[in-house]
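Bear in mind the structure is a predicted one, so any value in this text is a computation, not a measurement.
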Amino acid sequence: MLVLVAPGQGAQTPGFLTPWLDLPGGADRVAAWSNAIGLDLAHYGTLADADAIRDTAVAQPLLVAAGLLSAAALGAQAPAAVAGHSVGEFTAAVLAGVLDDTAALKLVRERGLAMAEAAAVTRTGMSALLGGDPDVTIPHLEKLGLTPANVNGAGQIVAAGTLEELAALEADKPEGVRRVVALKVAGAFHTRHMAPAVDVLAKAAAELSPADPTITYVSNKDGRTVATGAEVVSRLVGQVANPVRWDLCMETFKELGVTALIEVCPGGTLTGLAKRALPGVKTLALKTPDDLDAARELIAEHASDLSA
């Protein structure tokens, strides 16, 4: 059984979209998306520097566009399940048939702008904790007023909160945590600080007519599968201000019997987590079109377990 997963913010690097635009129809498709959302995705994915694509309002639609473009290049065969990390959930929603690509990108554009605006209200950030036991780390973070914004599994937790709270974490690390590494992000995503963005996104989402998933969709909220399009969209909206539970998503992959995982462009982060948390599961990250042949071979190996 194969699951297709989509990475979240922070996976982007300067120029990562360049080789994908050379695929047949790639540049035209990205140009159409750019016109639809009022953002030059091709420019940001090819020429912009790291600071420009770190901007939340840019990074989010750029990541979803790259994920959709690379997934389309794999061919018509659908995976048995899909999931995405944070904004990658929008990519997954399109792959599951819940939203069409343009509707998803328009909503993601609203999401990025709203989250950037919310992040500007208070000086906040995020830090990754290296090492430690989640049962010890999470209560310690909450004691400091921080949110475990990403519980990623494989021993990886990302804390989020005000810069003062993060400074306190540096001075008072949880037992077993070796290092606290500040992340280059614009704010405390997936925390209460993003509440204003939830309201904005809810209004935009109210105009959508989502379809029910045609393949299994696994949600960041609690790792559970979601059967209706309305529930998928509701969770996409609320997830902006709630922690990402990728650890629970991977537990569900185990329960579903997943034997292979492909991460769409810009792949790498989620396959790294899977290698540590899902032993025995074959993994492949789509970084450039050079990875497509190997990905198609992996899909072919698991074809008997795929659903149309």
Just to verify, what does [X] make a salt bridge (Lys or Arg N to Asp or Glu O under 4.0 Å) with, not counting sequence neighbours?
X	result
K282	E301
D101	R29
R235	D222, E231
D293	R296

Going through the checks in order, is the side chain to side chain donor-acceptor pair (under 3.5 Å) test met by H302 and T259? CA-CA 8 Å; H302 297 263; T259 55; 2.8 Å; yes
Between [atom1] of [X] and [atom2] of [Y], what distance do you get to the nearest 0.5 Å?
X	Y	atom1	atom2	answer
L273	L278	CG	CG	9.0 Å
L201	L236	CG	CG	8.0 Å
E164	L146	CD	CG	11.0 Å
L17	T288	CG	OG1	12.0 Å

Backbone of [Y] reached by a side-chain donor or acceptor of [X] within 3.5 Å:
X	Y	value
T252	G223	yes
T147	A149	no
R109	A57	yes
N220	S86	yes

Distance-minimising heavy-atom pair for P134 and P139: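 In this case the closest contact between P134 and P139 is O-CD, 3.9 Å.
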Filter on salt bridge (charged side-chain N to carboxylate O under 4.0 Å, His left out), then keep only pairs touching residues 252-273, sequence neighbours left out; what's left?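 Non-adjacent pairs meeting salt bridge (charged side-chain N to carboxylate O under 4.0 Å, His left out): E251-K254.
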May I ask you to list the residues sharing a hydrophobic cluster with L130, side-chain cutoff 4.5 Å, ordered by chain and number?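 Once heavy-atom contacts under 4.5 Å are chained together, L130 belongs with V181.
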Any side-chain heavy-atom pair of V233 and L99 under 4.5 Å: yes
